[in-house]
Amino acid sequence: MSYGEGMSDLIPFSTALRERSGAAHSSSEHSGFMADLIQGDGTREDYIALVAQHWFIYEALEAAAERMRRDPVASVFITDRLTRLPALAADLEFLVGPDWHDRIQPLPTTRRYIERIAQVGATWPGGFVAHHYTRYLGDLSGGLFIGRLMARRFGFETNGIGFYLFADIADPKAFKEHYREQLDAAPWDDAERERVIDEVLLAYRFNTELFDDLARAKAAA
Ligand code: HEM
């Protein structure tokens, strides 16, 4: 190893990223709206309100992914096996009805979140990967547990929780390990890695603030 290569040779980037975002993950995980859903204090309406916001987020994320398929760095993270938008549409059709699209609105944080995804999705591969990582690796981690919990609580079989069912990913652990190897192999210098970590922290903040919005919308209803 030569000097001047920074921390990158000592600690894998994916490990640094997980460690540096641990506190932000914890805030998101323990936010009131999510904690209520997990502990069984959330209602079916609360769950549906969350699914609706997910639809807007994944519409933005997956439109950005379509654009980023042509980028040599970002494209290695993109696969149809992750695509969530059709499952979210089917969930909403089941949960809300055929006119679901006319009956959902993005909350203020969701509007800011999707604006940011569109912005980095058009201009910055590392920023796009930060948002891709924050959502999909979360979906393949805590998300799997949340899906099972919601199914049990609200009596769903597969309709209504399709978002949490990755039919084409038989081994989420192996998928995540491979994803982390791709993060470690991305040709980012230390400064770019810092920027990517900052963007992951921003993505967590959007998710936490969205839970706050959802709690507020519920209180106002
Ligand atoms: C109640 C809510 C949540 C629970 C119970 C939960 C639980 C977990 C658990 C147990 C892991 C570790 C899995 C592993 O090591 O393979 C994990 C990882 C992760 N979660 Fe969550 N999570 C929650 C909410 C969230 C939210 C809201 C986000 C952001 C949108 C998120 C994003 C992530 C990410 C990106 C990882 C992967 C970290 C890495 O290995 O690099 N999680 N989650």
Side-chain angles (χ1 to χ4, degrees), residues 11-42 46-47 49-62 64-65 77-78 82 84-85 88 106-107 109-110 112-114 116-117 120 126-154 161 163-164 166 169-186 188 193-194 196-215:
I11 168 167
F13 174 60
S14 59
T15 307
L17 175 57
R18 184 167 34 189
E19 287 175 359
R20 295 265 301 276
S21 58
H25 181 274
S26 186
S27 303
S28 216
E29 181 179 352
H30 296 116
S31 91
F33 185 86
M34 189 35 103
D36 281 355
L37 264 182
I38 296 300
Q39 285 157 19
D41 296 328
D46 295 342
Y47 172 69
L50 177 62
V51 179
Q53 298 308 303
H54 281 159
W55 188 82
F56 292 106
I57 294 165
Y58 285 81
E59 183 190 38
L61 198 53
E62 291 172 7
F77 297 94
I78 298 169
L82 288 170
R84 297 289 85 200
L85 200 61
L88 284 165
L107 288 165
T109 298
T110 303
R112 289 201 304 278
Y113 191 1
I114 64 181
R116 181 66 185 167
I117 290 170
V120 300
F128 164 76
V129 173
H131 286 280
H132 191 271
Y133 159 84
T134 309
R135 283 300 335 178
Y136 294 114
L137 247 64
D139 298 335
L140 288 169
S141 305
L144 301 181
F145 158 79
I146 295 167
R148 282 193 296 270
L149 214 58
M150 294 302 109
R152 209 177 322 138
R153 168 132 171 79
F154 299 118
I161 52 149
F163 170 71
Y164 296 101
F166 287 86
I169 300 180
D171 185 346
K173 189 164 176 286
F175 185 96
K176 288 191 289 180
E177 273 164 21
H178 177 69
Y179 194 103
R180 290 190 191 104
E181 285 164 14
Q182 306 274 26
L183 285 172
D184 295 338
W188 296 326
R193 286 177 163 187
E194 282 299 314
V196 172
I197 291 174
D198 283 345
E199 193 67 23
V200 167
L201 296 179
L202 180 64
Y204 272 115
R205 206 156 72 227
F206 282 130
N207 281 281
T208 305
E209 288 174 8
L210 171 56
F211 293 142
D212 296 342
D213 277 13
L214 283 161

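All ligand and atom numbering here is 1-based and tracks the order in the structure. What you see is a predicted model; the values in this text were computed from it and never measured.
By the criterion of a heavy-atom distance under 4.0 Å, the side chain of Ile146, and not its backbone, is placed next to ligand 1. For Arg135, every heavy-atom contact with ligand 1 shorter than 4.0 Å involves the side chain, none the backbone.
Taken from CD1 in Ile38 to CZ in Phe145, the straight-line distance is 5.0 Å, to the nearest 0.5 Å.
Note on ring orientation: taking the six-membered ring where Trp is involved, the planes of Trp188 and Phe77 are parallel (angle under 30°, cut-offs 30° and 60°). Using a 30° and 60° split on the angle between ring planes, Tyr113 and Phe206 fall in the parallel class, below 30°.
For the pair Tyr133 and ligand 1, the shortest N or O to N or O distance falls below 3.5 Å.
A search for ring-ring contact (aromatic ring centres under 6.0 Å, His included) contacts involving Phe128 returns His132, not counting sequence neighbours.
For atom 10 (C) of ligand 1, the nearest protein heavy atom lies 4.0 Å away or farther.
Ordered by chain and number, His25 NE2 make up the set of protein N, O or S atoms under 2.8 Å of atom 21 (Fe) of ligand 1.
Counting protein heavy atoms only, atom 35 (C) of ligand 1 is closest to Tyr204 OH, 3.3 Å. Closest to atom 14 (C) of ligand 1, if we only count protein heavy atoms, is Lys176 NZ, 3.5 Å. Protein heavy atom in closest approach to atom 40 (O) of ligand 1: Arg180 NH2, 2.7 Å.
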